[in-house]
Structures are given as C-alpha cells and as structure tokens.
K.L.:
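Take this structure first; my questions come after.
Protein chains get the first letters and strands the later ones, always in sequence-line order, with residue 1 at the start of each.
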Protein chains: 2
Amino acid sequence: MSKPKLRVIPLGGLSEIGKNMTVIEYEDDIIIVDAGLMFPGEELLGIDLVIPDTTYLLDKKEKIRGIVLTHGHEDHIGALPYLLQQINVPVYATKLTQGLVSVKLKEHHVMTEAMLRTVLPGTEITLGKIRVEFFSVCHSIPDSTGLIIYTPVGTIVHSGDFKLDYTPVGGRPTDLSRLAQLGAQGVLLLLSDSTYAEIPGYTPSEMVVGESLDRIISEATGRVIVTTFSSLISRIQQVINSAAKYGRRVFIVGRSMTDTTRMAIELGYLKVPDGILGKLDELHNLPPEKVVLITTGSQGEPTSALVRMLNKDNRQVHIIKGDTVIISATPVPGNEALINRTIDTLFKHGAMVFYDRIAQVHVHGHGSQEELKLLLNLVRPKFFMPVHGEFRHLSFHARLAQVVGIPKDNIFLMEDGGILELTADSARVAGKVPAGDVYVDGMSVGDIGSLELHNRRLLSRDGIAVVIVAVNKQTGELVGLPDIVSRGFVDSEEAHDLLEESRQLVAQTLSQEDHTTEWSFVNSRVREVLKNFLYEKTHRHPMILPILVKV
Amino acid sequence: MSKPKLRVIPLGGLSEIGKNMTVIEYEDDIIIVDAGLMFPGEELLGIDLVIPDTTYLLDKKEKIRGIVLTHGHEDHIGALPYLLQQINVPVYATKLTQGLVSVKLKEHHVMTEAMLRTVLPGTEITLGKIRVEFFSVCHSIPDSTGLIIYTPVGTIVHSGDFKLDYTPVGGRPTDLSRLAQLGAQGVLLLLSDSTYAEIPGYTPSEMVVGESLDRIISEATGRVIVTTFSSLISRIQQVINSAAKYGRRVFIVGRSMTDTTRMAIELGYLKVPDGILGKLDELHNLPPEKVVLITTGSQGEPTSALVRMLNKDNRQVHIIKGDTVIISATPVPGNEALINRTIDTLFKHGAMVFYDRIAQVHVHGHGSQEELKLLLNLVRPKFFMPVHGEFRHLSFHARLAQVVGIPKDNIFLMEDGGILELTADSARVAGKVPAGDVYVDGMSVGDIGSLELHNRRLLSRDGIAVVIVAVNKQTGELVGLPDIVSRGFVDSEEAHDLLEESRQLVAQTLSQEDHTTEWSFVNSRVREVLKNFLYEKTHRHPMILPILVKV
C-alpha cells in the first residue's frame with residue numbers, strides 16, 4: 001500500500017482575483033483556508049456576487065475539521081455565509097477578522113449557528129492530524145496573518161495577502177524571522193500571494209500615504225473629505241491622527257464606514273483621542289477648517305456616501321465649494337469610468353480633488369516583485385505554488401521563483417480545482433475536482449446559468465420585440481393582425497411605420513403557411529423573417545419573442 | 001450699433017474625451033474645427049457611436065465656409081460622414097488626414113459628394129473674412145496640425161492635439177518658433193489640448209518607446225507580435241526599423257492595419273526598406289526568429305486580429321508557444337478588464353507579453369503639465385479656453401494657466417454649447433446653444449432616446465417576464481390561465497413552480513376585478529402584484545410586460 005498523500009486543492013483565486021479558497025487534505029482530515037467572494041465584472045449582467053464552487057467538499061463534510069481565515073477582506077471571508085449554511089464547522093481567525101465575520105454573518109442571519117474561534121498570531125491550533133500556526137503579516141487591514149500548516153508529510157507555508165512594510169500603521173510587520181527559522185528547518189510547499197507579481201521593485205510603506213494625507217490636510221482651507229475602503233483601518237487611523245494634529249474634528253459618514261470604525265474602536269484596532277470624533281448634527285456648529293469627514297465611495301459607487309453627498313441624497317452633508325476631497329484608493333479594474341465621472345462632478349461642485357494620478361494618496365497592500373523574491377528566499381520551499389492572481393500574475397510569480405533558484409519542475413502553475421499531490425519529496429498534479437464560479441443573484445445561489453446571462457446580454461444590446469400571434473385553434477387561421485410590443489429596441493412612436501410593416505409581414509408570412517398552431521413552427525418562422533427585416537431596416541438585432549395565442 | 005463680435009462655440013470635447021468640434025463665427029462666416037466621434041461607455045448599451053449635436057449649425061448652413069481638421073484621429077474626423085450628409089462644405093486638412101478621411105467617407109458611401117482640399121502646414125486658406133494657417137504639431141499621428149485663425153477681431157490659436165517631442169519619429173516637432181512669433185504679435189484667444197493636464201512633468205518622447213521595442217525585438221527568440229492602434233504610424237515605423245535591423249520580415253495582419261499601412265506607404269508616411277514586408281502565405285517558410293507581425297487588438301477587442309489569432313479564428317496565424325507579444329498601447333478607460341483577459345490568455349498559450357505595466361512600450365500623444373505651461377508661455381494669449389478633456393482636465397489646465405500668469409477672469413472653463421463672445425479687448429460667456437450627445441445605433445442617428453436606454457439597462461439586470469392575459473372581449477372574463485414567458489430572469493425549468501404560482505396569482509388577482517378589458521388597468525395591476533411577488537421570492541426585479549389579448 002502506498003503512503004498517504006497530502007493534497008492541496010485551490011478552489012478559487014487562481015483564475016480571477018478574488019474568491020480565494022484552498023483545500024488542504026490529508027487522509028481523513030480536511031481544512032479550508034479562506035472562503036472569499038468576488039464582485040462580478042460588467043459582463044455578468046445583474047449578478048450580485050460570485051463565490052467558489054464547493055461541490056467537492058459537500059460529500060466530504062464529515063472530514064472537514066475547520067475553516068482557517070488569513071484576514072478579514074471580502075475576497076477571503078465573503079463566501080462564509082453561504083459556505084457555513086452547507087458546512088457548519090469551526091472558523092478560526094484573529095480578533096479583527098472574527099469581528100468582521102460576525103458583522104457579515106449577522107447580516108445573513110447565520111450568526112447563531114456559527115462556531116467562531118479567535119486565535120492569536122504566534123499560536124497554534126490542531127485540526128485532526130494537521131496543525132496550523134498563525135503568523136503576522138502586514139497587509140491593508142490589521143490582524144492579517146499567514147499560516148504555517150504542519151502535516152505528517154511536511155510543512156506548508158501560506159503567505160496570506162502580504163507586503164513587507166517596515167513602518168506599518170496599526171498592524172504588525174510581516175514576521176520574517178519566523179519565516180527564516182522555518183526556511184532553515186525545511187518547508188515542503190509555499191503558497192504565496194501573486195496579486196502584484198507584475199510590478200517591479202518594492203511596494204511603498206503605508207507611512208508614505210500618511211505624509212501625503214498630512215500635507216493635504218494641513219494645507220486645506222475648507223473641509224477635508226477622505227474617502228477610502230471601510231476596511232482600510234490603518235488609513236482611517238492616519239486621517240484621525242492628522243485631524244487631531246491640526247485641530248480638526250472627525251465625522252464618519254455612511255453606514256458601512258460607521259459600522260467598521262465602531263467595531264475597530266471597540267476591539268482596539270483604531271485609537272481615537274478624546275473629543276475628536278463628532279456626531280453629524282454637530283457639524284453645522286463648526287467652521288469648515290475644523291472638519292474632516294471620512295466616508296466610502298472611493299470607487300464612485302452610486303450608492304456610496306460620497307456620491308450621495310454629491311447628489312444631495314444625504315440629508316446632513318453635501319459637497320460644497322472649497323471642500324478638499326481625497327480619494328484614498330486606486331480604481332478596482334472596471335470602475336475607472338465611474339470614478340472619473342465622480343471626480344469631474346466634484347470639480348464641478350467647486351471641490352479640489354486629490355486622487356491617485358496626481359498625489360500619493362494610496363498604496364496597495366500586496367508585495368511587489370522584490371518582496372516576493374525576499375519571501376521565497378527566506379522560506380526556501382521545496383515546492384512552490386503561486387496563488388491569488390490572474391494567470392499573468394501567477395506566471396510572473398513563477399518566473400520570480402525560478403530566478404531565485406527554485407527548479408522549474410518544482411513550481412506549479414495551477415488552475416482552480418487542480419489537485420497538487422505531495423509526498424515528503426515529490427509533488428505532482430493529480431487531476432482536477434469541480435471548480436468554477438457560482439453566481440449569487442438576488443436570493444438564489446447558483447441557479448443563474450449561462451443561458452440567462454446570454455439573454456441579458458442580448459436584451460441589453462438592442463432590446464426585445466414581442467410578437468403576439470393569435471390563431472384559431474381549429475383552423476390555424478390568424479385572428480386579427482399580429483401585434484408587436486417592443487422595449488429598448490426603437491421608440492414605438494417614431495418607429496410606428498416600421499412596427500406596422502412588421503405586423504403586416506408576419507401576417508403575410510403566416511397566412512401562406514400550414515402548421516400555424518404549432519408553437520415551434522410559428523416561433524422559428526416569425527423569428528427568421530422578422531430578424532432579417534428588422535436588421536435590414538435598422539441594423540439592430542433585438543431579441544424576437546413570438547407568443548402564440550390559440551383562441 | 002455695436003461692433004460685430006467673434007463667437008467661439010465648442011460643440012463637443014468639453015464634457016467627455018472625444019467628439020471634438022468647435023464653431024468659430026464672425027458675422028456671416030462660420031468655420032468648423034474638427035468633427036469627431038466618441039466611442040460609447042458601457043452604460044450606453046448597444047449604442048455604436050456618439051457624435052456631437054449639430055442642431056445649431058443646421059439653420060446657418062449658408063454661412064458655413066468650411067470644415068478645418070487638425071489631424072486624422074476618430075475623435076476629430078469620425079463625425080464627418082454624418083456631418084457632410086447634412087452640410088456639404090469643403091474640408092481642409094493635411095495630406096495624411098485627407099487620406100484617412102477618404103477611407104472613412106468611402107466606407108459610408110459619401111465620398112463622391114465631398115470636397116476635400118489638401119493643405120500644407122505653414123500655408124493659409126481664406127474662408128470668408130476668416131483666414132486659417134496650419135502649423136505643425138507633434139502628436140501620435142503624422143501630419144497633425146494646430147491652427148492659427150485670423151479674424152477681424154483678433155487671432156485665435158487652436159493647439160489641436162499636441163505634445164512637445166524634440167525627437168519625434170516620422171512626424172514634425174511642434175512648431176514652437178511660429179507660436180513664439182505669434183505670441184510676440186499678440187494672440188486674442190488660445191484653445192489648448194487638456195487631455196493630459198492632470199499629469200505632472202513632461203510626456204516622454206516616442207523615441208523612448210523605440211528603444212524598448214528595439215530591445216525586446218533583439219532579445220526575442222521566437223516570433224514577435226506587436227499590437228497597436230492602426231493610426232499610430234510612428235510606432236509601426238519603429239517596429240519596421242527594428243525588424244530590418246535584426247533581419248526579421250514584417251507581416252501585417254488584419255484589415256484595418258493593412259488598409260492604414262498601405263495608405264501610409266502610398267502617401268510616403270511610412271518608409272519600408274525593400275524586401276521587408278511579406279505576404280502572410282510566405283509566413284510558414286520562415287523560422288520564428290525571422291518574423292515580426294503587426295496587428296490591431298491592443299484594447300482586447302473581440303473582433304481584432306490579435307484576439308482572432310488567439311482564438312484560432314484567423315485562418316493563417318495563431319498564437320504559439322514562444323511568441324513574444326508587445327501590447328504597444330495603454331488601455332482606453334473601460335477596456336482594462338478585456339485587455340487583462342487577453343494578456344492572461346496569451347500567457348496561457350505560452351507567449352511572453354510586454355505591456356504598459358511592465359515595460360515602456362507606449363507613450364501617449366498629449367502634452368503633460370510642463371508642456372502645456374510652455375505653450376501658454378509662448379503664445380501668451382489674452383484669453384484662454386482649455387479644450388479636449390473632461391471637466392477635471394479642463395480645471396487642471398485652467399489652474400496651470402493661472403500659474404503662468406493669465407488672470408483668472410480671462411480663463412474660460414466652458415461646457416459644450418457655451419458661447420464665448422469676443423471683441424478685441426473683451427470676452428464673456430453669452431449664453432448657450434443646443435449641444436450634447438447624439439447616439440448612432442445601427443443605421444439610425446439620434447432616434448435612440450433615454451427611454452430605450454433605460455429599458456435596455458432594466459432588461460440587462462434581471463431580464464423580462466412577459467405575461468399574456470387572454471380575456472373575453474365582451475365579458476372581460478379570463479380565457480384560460482394567463483401565460484408567462486421569461487428571458488434572462490430565471491431558468492424556466494428550475495423555476496417552473498415559481499412561474500406556475502405567478503400565473504395563479506395573476507389569474508386570482510384579475511378574476512376579482514372589473515375593467516379587465518382595459519389594457520392600462522390590466523397593465524398596472526399585473527405589474528404591481530407580480531413585481532412584489534417576484535421580488536419577495538427571488539430578490540430580482542425583472543421588467544414585467546403584460547400583454548392583453550381580447551378574444
């Protein structure tokens with residue numbers, strides 16, 4: 001009998017950025033690292049969220065010992081409410097991460113059942129034959145960790161999301177000395193964050209942003225409005241510090257920013273000097289130069305607090321002439337146009353705007369090439385699997401690993417669902433489990449298929465023309481002229497003649513045919529003749545939906 | 001009687017990037033500077049193109065003396081086929097620009113009527129009481145010009161699109177000495193390109209890209225595939241130069257790239273050493289290291305030659321392992337996701353890819369802040385109107401003008417349609433003419449309104465549910481159960497029960513009502529009850545389209 005093998009199976013995070021999830025399996029023990037979501041691209045019309053396909057786990061429920069979370073970002077915890085409804089096992093994470101998980105589970109009403117276990121960086125938990133040690137890493141949210149996973153076959157290091165910031169704000173620096181020790185002892189496999197593997201050099205320190213923010217706040221003559229991600233607690237801390245320094249009070253606007261800051265203050269991750277934080281109804285008592293507002297909206301989201309303030313949708317605060325707005329974030333790919341429009345509208349309202357292209361008001365939370373090489377050098381793993389990235393990021397990370405001396409054959413450029421099977425001295429790709437995107441649309445999870453998406457796409461381009469054909473159910477003869485109702489295709493009044501001609505054309509076509517009581521026949525005949533006619537007249541391709549009414 | 005005034009009216013280019021068009025009017029003479037189009041953003045579902053609203057010009061046709069084009073890019077010439085069908089006046093431009101206009105007008109079958117007049121930089125034309133002198137500027141297409149417009153009120157300088165490249169490739173540098181002379185003589189108004197007014201410093205020279213391309217081509221061991229905009233003739237020239245240097249032959253792939261390069265060679269804008277250019281059927285005779293392919297697809301467009309090569313849609317060339325692909329362009333905002341996906345797919349096919357984030361394989365064609373300041377300093381206009389940009393770009397450009405000493409009151413931050421009225425020593429905003437976006441969708445120009453776009457948006461999110469209600473035309477009683485057909489909303493088979501319940505609900509609702517023969521009543525009642533029911537069950541909001549059939 002062959003020795004038991006260790007299997008590492010990424011279920012998400014290797015085809016697209018986001019929805020990170022990795023399965024580690026040894027004999028009868030399975031642990032899950034992270035359970036993230038992804039926000040859908042423009043092409044996923046109407047889809048709210050995307051989560052990983054967890055089919056593989058469902059018939060192995062009794063083997064799953066726990067879910068281990070590296071940090072509290074949506075792309076690492078966002079799928080938990082869905083996963084825990086199927087597989088209710090203990091969830092292990094650091095304090096702030098658990099705080100964010102609790103907020104999320106409460107929203108989804110799955111809190112009561114969940115078993116949340118808080119761990120400290122530097123400590124270890126035992127999950128069957130596998131032990132997991134959490135170590136601190138620096139990332140754009142405090143309490144981020146990487147994992148040292150001890151298995152009977154060997155040690156796996158999972159970097160989590162990380163950068164090497166020697167002057168972090170709030171959080172701890174990445175625990176390089178622990179990694180160096182491990183490297184000396186021997187690491188079987190490293191899984192490491194590839195998000196910024198295409199960027200040369202080093203990622204700047206969060207402190208650089210603090211200096212920019214401080215300068216802008218010190219020079220502003222009116223109110224300062226800072227917009228960032230609500231989870232970027234170090235950024236919020238820096239804004240609070242500068243506000244205090246220049247005698248400004250701080251007001252938090254918007255629900256998600258309020259919820260997160262309250263939680264971060266309660267758990268001790270955000271330090272606010274007494275008397276700094278104000279309530280919105282005190283705002284009108286203060287002169288503009290005594291005010292800093294912190295809010296969401298860095299992606300130009302129409303429902304964000306910033307955009308509501310801009311559209312006068314917020315009852316208490318509107319953007320006014322003389323405001324200084326700092327967009328302390330970079331555009332998530334796909335949001336560029338929305339953000340540009342928001343910046344333009346801010347300028348039109350007389351605000352000065354600082355954003356990534358004109359000032360260093362943001363740094364990202366992931367290591368660039370030199371940092372990734374440093375980690376590889378310290379950990380010196382036998383085998384390497386780049387994770388967290390699109391294919392080009394993984395490819396660049398694989399090249400970096402080769403450069404620092406890991407043999408090409410020991411580097412595994414995997415895809416979601418791929419199985420990496422390891423012994424103490426070998427590793428190979430051993431097939432594939434089901435993996436992919438599961439769409440969350442409204443209340444339903446996974447029942448929107450490619451047909452519906454295809455139809456939404458068709459509808460979005462040239463709209464729809466519904467053709468109602470009434471026929472005598474005995475004779476098949478047309479009863480009256482077919483009717484056509486269109487939406488999103490042409491202006492019904494202006495196109496009155498076109499629609500009349502279309503009705504006549506359908507009538508004429510069907511009057512020459514038998515089989516007019518058969519829906520499939522009427523369907524294909526009407527679509528065929530109208531498709532050509534409408535394209536010829538308009539160069540558009542509306543969806544054509546014939547309805548047969550037998551009377 | 002007051003003195004005749006000069007009016008400058010931007011009809012496009014000041015609300016969004018693209019569709020540039022400016023009207024200059026003095027007494028009975030009107031000239032039009034540029035007639036550009038804009039490609040629609042994601043939110044303009046199904047719209048093909050956007051052109052400026054030219055209502056203002058239509059009842060002044062007899063005054064229009066000519067259209068003057070600064071250069072041959074789509075955002076400056078793309079609306080011509082539409083404009084010339086309404087206003088057929090002479091078109092003045094340099095040789096290459098006219099070449100590109102001819103290609104475009106032929107496509108639209110409006111060539112025969114058009115009066116195209118080729119001018120040389122440095123020469124002057126007379127259009128009624130207005131004279132126009134063309135001067136060379138450096139931009140990302142050869143034969144680009146700015147305009148010196150002499151009017152009885154004073155001299156206007158229009159920068160066109162420009163940068164200051166002292167080592168341009170193919171084209172000429174911006175004619176700074178002519179501008180310095182003019183500045184000394186006195187310029188009434190400057191209109192200047194704001195596209196990159198948010199970027200500090202100087203735009204790098206095209207030569208910098210040449211060095212990158214040369215290094216990549218010299219080091220590549222397989223084929224090299226360069227993708228760029230077909231109008232970027234200087235870029236194509238640099239690729240051809242390096243190919244010749246390293247003994248590689250050049251193959252052009254794709255229709256638009258083939259058309260443009262052929263035209264540019266014929267007109268003398270592209271210099272190709274003998275024996276370098278090959279035909280695609282010679283390709284299989286050459287070893288990979290002797291081949292450079294030039295193609296479109298830098299924006300990841302699904303119909304581009306590059307993407308077709310990748311999808312094996314192109315009959316003659318496919319992407320193979322060992323290819324080096326250079327994406328010599330930056331993403332047009334909104335295209336980022338598409339381009340990233342293309343890069344990923346290239347990596348998956350075993351290609352190495354160079355793109356803007358990892359190598360300097362592109363520079364843009366517009367001046368950055370220092371260049372804009374230099375131009376302002378040389379021209380020293382009395383009045384200044386920033387053009388070509390979104391509001392934030394215009395705002396930054398206005399700030400730059402203030403910094404170099406133009407009084408704030410002499411700087412006009414206009415919007416499309418605004419009228420700037422000038423005398424020899426005054427300028428003021430004097431009202432507004434109609435201006436805005438005209439949508440081209442299929443064959444129709446301007447008849448797609450906001451209602452159709454709104455409907456397309458609704459349809460794109462959660463699809464449509466068509467409810468067919470048949471009633472007895474005398475009694476108003478329901479005939480049979482209402483039917484529901486949905487597209488893009490739910491999977492009809494999986495949601496069978498939901499749709500059945502919905503039918504029952506509609507039947508039940510209507511059976512309790514009178515007025516069931518009135519469409520407006522049935523329409524509002526069915527929509528109201530189904531909207532709530534479907535949202536409660538699915539958390540989705542499909543468009544609900546009731547159809548009343550009276551039998």
K.L.:
With rounding to the nearest 0.5 Å, note down the distance linking CG in A:Asp344 to CG in B:Leu394.
P.N.:
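The distance works out to 8.0 Å.
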K.L.:
Between chain A and each of B:Leu545, B:Leu346, B:Ile343, count heavy-atom pairs under 4.5 Å; write down the option with the most.
P.N.:
B:Leu545
K.L.:
Which region of A:Leu44, side chain (C-beta onward) or backbone (N, CA, C, O), has a non-hydrogen atom less than 4.5 Å from a non-hydrogen atom of chain B, or is it both or neither?
P.N.:
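Neither; nothing under 4.5 Å.
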K.L.:
So with a 6.0 Å cut-off around NE2 of A:His454, is the heavy-atom count from everything else above 12?
P.N.:
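Atom NE2 in A:His454 is not packed in, count stays at 12 or less.
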K.L.:
Is the closest side-chain heavy-atom distance between A:Glu415 and B:Lys348 below 4.5 Å?
P.N.:
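Answer no - side chains too far apart.
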K.L.:
Measure distances from A:Phe489 to the heavy atoms of chain B and classify the residue's part below 4.5 Å as side chain, backbone, both or neither.
P.N.:
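Only the backbone of A:Phe489 comes within 4.5 Å of chain B.
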K.L.:
Heavy-atom pairs under 4.5 Å with chain A: which of B:Met543, B:Met352, B:His541 has the most?
P.N.:
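With the most close heavy-atom pairs to chain A, the winner is B:Met352.
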K.L.:
Which of the residues B:Glu336, B:Arg456, B:His539 is involved in the greatest number of heavy-atom pairs with chain A at under 4.5 angstrom?
P.N.:
B:Arg456
K.L.:
What part of A:Arg457 gets within 4.5 angstrom of chain B, counting heavy atoms only: side chain, backbone, both, or neither?
P.N.:
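A:Arg457 has no heavy atom closer than 4.5 Å to chain B.
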K.L.:
Measure the CD-OG1 distance between A:Glu390 and B:Thr345 for me, rounded to the nearest 0.5 Å.
P.N.:
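Atom-to-atom, A:Glu390:CD and B:Thr345:OG1 are 10.0 Å apart.
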K.L.:
Heavy-atom distance under 4.5 Å to chain B: side chain of A:Ile468, backbone, both or neither?
P.N.:
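Side chain only.
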K.L.:
Heavy-atom distance under 4.5 Å to chain B: side chain of A:Asn340, backbone, both or neither?
P.N.:
both
K.L.:
Please state whether the side chain, the backbone, both or neither of B:Leu453 comes within less than 4.5 Å of a heavy atom of chain A.
P.N.:
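Looking at B:Leu453, nothing touches chain A.
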K.L.:
In Å and rounded to the nearest 0.5 Å, what is the CD1 to CD1 distance from B:Ile464 to A:Ile464?
P.N.:
4.0 Å
K.L.:
Contact part of A:Glu536 toward chain B, heavy-atom cut-off under 4.5 Å: side chain, backbone, both or neither?
P.N.:
backbone
K.L.:
Please check: side-chain N/O of B:Arg540 versus main-chain N/O of A:Asp441, any donor-acceptor pairing under 3.5 Å?
P.N.:
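Flag set: sc B:Arg540 to bb A:Asp441 pair under 3.5 Å.
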K.L.:
Can you tell me how far the CZ atom of A:Arg357 sits from the CD1 atom of B:Ile199, to the nearest 0.5 Å?
P.N.:
6.5 Å
K.L.:
So for atom NE2, which belongs to B:His108, do other residues, nucleotides or ligands contribute more than 12 heavy atoms lying within a distance under 6.0 Å?
P.N.:
yes
K.L.:
Is it the backbone or the side chain of A:Val479 that comes under 4.5 Å from a heavy atom of chain B, or both, or neither?
P.N.:
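A:Val479 has no heavy atom closer than 4.5 Å to chain B.
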K.L.:
Which one of B:Ser486, B:Ser460, B:Pro200, B:Gly442 has the most heavy-atom pairs closer than 4.5 Å to chain A?
P.N.:
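Option with the greatest count: B:Ser460.
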K.L.:
I need the residue from B:Ser395, B:Ala495, B:Ala337 with the largest number of non-hydrogen atom pairs under 4.5 Å to chain A.
P.N.:
B:Ser395
K.L.:
Highest number of heavy-atom pairs under 4.5 Å with chain A: which of B:Val549, B:Val490, B:Leu451?
P.N.:
B:Val490
K.L.:
Taking the side chain as C-beta and beyond, is there a heavy-atom pair between A:Arg392 and B:Val353 under 4.5 Å?
P.N.:
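Heavy-atom side-chain distance check fails, nothing below 4.5 Å.
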K.L.:
Are A:Ile547 and B:Ile547 close enough that some pair of their side-chain heavy atoms sits under 4.5 Å apart?
P.N.:
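Counting from C-beta outward, A:Ile547 and B:Ile547 never come under 4.5 Å.
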